[in-house]
Amino acid sequence: MMKLEGALYPWRFRVVLGLLAIMVGAISWRIVDLHVIDHDFLKAHGDARSVRHIPIPAHRGLITDRNGEPLAVSTPVSTLWTNPKDLMALRDEWPRIAQALGQDPKAFAQRIEQNANREFMYLVRGLTPEQGQAIMANKAPGVYGIEEFRRFYPAGEVTAHVVGFTDVDDRGREGVELSFDEWLAGVPGKRQVLKDRRGRLIKDVQVARNAKPGKTLALSIDLRLQYLAHRELRNALVENGAKAGSLVIVDVKTGEVLAMANQPTYNPNNRRNLQPAAMRNRAMIDVFEPGSTVKPISMSAALQSGRWKPEDKVEVYPGSLQIGRYTIKDVSKTEGPILDLTGILINSSNVGMSKIAFDIGGEAIYDTMRKLGMGQDTGLGFPGERVGNLPNHREWRKAETATLSYGYGLSITAIQLVHAYATLANNGQAVPLSMTRVDSIPDGAQVIPAEVAKTMQGMLQQVVEAPRGVFRAQVPGYHVSGKSGTARKASVGTKGYTQNAYRSLFAGFGPSTNPRIAMVVVIDEPSKAGYFGGLVSAPVFGKVMAGALRLMNIAPDNLPTEEQQTANAATGKGGRI
């Protein structure tokens, strides 16, 4: 019968045989093509299902002080993770996994159920390598480990506001860690591995790309001076019942920030109970009216005008001056009815300073303050740094001129104020500020004539050493220069001032004969012994300046002569050493 059909329909039989032959040939060709000629296709699909790239964490760059002392280091930690989708099928193992992790079984089960549709979930992060290995040794199903790095800050709260901190993913979030994040952050590498469909590691194939560690960053901070500033500032807040404070030290010649301390502070290694107010780098963020600490700058404008000399006299009697509906008053009683320019600074006479300002005009004072960096960007690039406000009025009326001359009507930061004093100490040459170590003296701009700056250095030395001067700022064995200031605090949301709320300030530099370091101390709302800058902030300046000059091996310039030593020995008095 088959033979008969084949004979009746020979062409159909041949067609079927031909189609079968073509199909067999095509399949055979495809097999040869995939396995011999174009084998990359199958390999690629196979790799897509089994080959994975695990990131190799990069070591974040080391942060050190200027002498190489570590301020921020990266330590290896272990992180455990799981695939919630796979773990849903292992519900009976949840109690054992939770016990191995040291977590509450109910809370662990709730986390898994909430992330049931995800393929990745952190179980715990930041374990020490020993803790991670101990947990993995239990061979809890569905638990995998990866290596990461976590930042540790050896100086803790002492350098917290300068160095800042990183988040859980090792990215900079505050301070230098944020502003230099690209420099410090390394480039992660890649490791090629084989995994099964459940994500279990089968084979470690090769390192596809090596991790590139971050670069080391040497700050300008001297950790010895930072500890000194931190200690004395903290003690001052306790002694005076103050709300907050800042202290900044700058190298006059190089513009390096040698110390920057703020209170209150925080421990970047333990931020569980961190208060946001403690994170403020007040030296760069808080703006304030500087009060009498800007009188030397206004006086510099007067000397620069050529209309005034240090020996010129100004009548300050009776200690008050009426300008329309405003009354300018001297806070303390002056030595006499007439004062020379140095006497105006020593007695901190608002009346005397205002009369000089009326003569030279507000524009001259504004221009000098602007050249000294007030109300200007410091160029440090610190996150959150504020510029403040230096007003330039179209018409300089007497009230605006007077208040600007003795430190009201403008707002600046502590870092701007110390930069201005560093420029005066550097013979009128302004060098850019730096938070990183400077290996050579940078080029500066002559913003004030050198003779004017040198004259101001001598006048400010008298402010500290004169009989009615700020004696609490004196440093045994050294001549230092400076000016105290007391400023009322402006009320938030109003145009007036807060009752009985003051900032106590002192700004200065030393040694006076060859200034090396400039310093500013700001104490916010002292409430115990008083609030005047010469009473509250000047002693802090004196203690920190004394320690800083000795730590930096700067030679004394105020040692007693042999005759004085002989006289002191005869009278039983000790020398000022």
Side-chain angles (χ1 to χ4, degrees), residues 225 247-255 258-259 292-300 303-304 309-311 340-348 372 417-431 441 444 447-485 505-521 533-534 537-561 564 575-577:
L225 302 187
L247 192 155
V248 186
I249 304 175
V250 168
D251 189 306
V252 168
K253 305 297 183 184
T254 65
L258 300 177
S292 296
T293 55
V294 301
K295 286 177 181 173
I297 299 172
S298 303
M299 198 68 78
S300 298
L303 296 175
Q304 190 173 349
K309 296 179 182 179
E311 61 272 14
D340 62 12
L341 268 59
T342 303
I344 290 174
L345 293 178
I346 294 173
N347 291 271
S348 199
L372 288 172
L417 184 58
V418 74
H419 192 202
Y421 269 74
T423 302
L424 287 177
N426 197 31
N427 298 330
Q429 191 173 60
V431 294
I441 297 178
V447 296
I448 291 179
E451 59 274 13
V452 171
K454 291 179 180 178
T455 301
M456 285 307 307
Q457 294 169 15
M459 294 171 68
L460 290 174
Q461 179 181 334
Q462 291 302 308
V463 170
V464 175
E465 298 182 352
R468 288 175 58 90
V470 191
F471 66 90
R472 292 181 178 86
Q474 293 179 7
V475 177
Y478 294 88
H479 291 296
V480 296
S481 305
K483 181 72 182 75
S484 61
L505 305 101
F506 192 92
F509 47 84
S512 299
T513 52
N514 183 22
R516 289 288 307 279
I517 57 176
M519 186 188 311
V520 163
V521 180
S537 295
V540 183
F541 172 89
K543 293 175 184 177
V544 177
M545 180 64 76
L549 293 173
R550 286 168 174 77
L551 286 171
M552 295 179 67
N553 294 321
I554 298 174
D557 64 345
N558 189 24
L559 292 175
T561 62
Q564 290 174 328
R576 293 180 60 202
I577 300 177

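Along the sequence shown, residues are numbered consecutively beginning with 1.
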Those residues that, when tested against [X], pass side chain to side chain donor-acceptor pair (under 3.5 Å) (two or more places apart):
{"X": "Ser292", "answer": "Lys295, Ser348"}
{"X": "Asp340", "answer": "none"}
{"X": "Ser512", "answer": "Ser481"}

[X] and [Y]: which non-hydrogen atoms are nearest, and at how many Å?
{"X": "Val544", "Y": "Met519", "answer": "CG1-CE, 3.6 Å"}
{"X": "Leu424", "Y": "Ala453", "answer": "O-CB, 3.6 Å"}
{"X": "Ala507", "Y": "Val520", "answer": "CB-CG2, 3.7 Å"}
{"X": "Lys483", "Y": "Thr293", "answer": "O-CG2, 3.7 Å"}
{"X": "Pro296", "Y": "Tyr421", "answer": "CG-OH, 3.3 Å"}
{"X": "Ala473", "Y": "Val464", "answer": "C-CG1, 4.2 Å"}

Q: For the pair Glu465 (side chain) and Gln474 (backbone), establish whether a donor and an acceptor sit closer than 3.5 Å, ignoring hydrogens and angles.
A: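 Side chain of Glu465 to backbone of Gln474: no pair is present.
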Q. Is there a donor-acceptor contact under 3.5 Å from the side chain of Tyr478 to the main chain of Ile554?
A. yes
Is any side-chain heavy atom of [X] closer than 4.5 Å to a side-chain heavy atom of [Y]?
{"X": "Val250", "Y": "His419", "value": "no"}
{"X": "Met456", "Y": "Ile448", "value": "no"}
{"X": "Ile249", "Y": "Met552", "value": "no"}
{"X": "Arg516", "Y": "Val252", "value": "no"}
{"X": "Arg550", "Y": "Val475", "value": "yes"}

Give, for atom [atom1] of [X] and atom [atom2] of [Y], the distance between the pair rounded to the nearest 0.5 Å.
{"X": "Gln462", "Y": "Arg468", "atom1": "CD", "atom2": "CZ", "value": "14.5 Å"}
{"X": "Thr455", "Y": "Leu341", "atom1": "OG1", "atom2": "CG", "value": "10.5 Å"}
{"X": "Leu460", "Y": "Leu345", "atom1": "CG", "atom2": "CG", "value": "6.5 Å"}

Holding to side-chain contact (heavy atoms from CB on, under 4.5 Å), I want the full list of residues that pass it with [X], two or more places apart in sequence or in another chain.
{"X": "Pro515", "value": "Ala425, Gln457, Phe509"}
{"X": "Ser484", "value": "Val470, Phe506"}
{"X": "Asn514", "value": "Lys253"}
{"X": "Val431", "value": "Asn426, Pro442"}

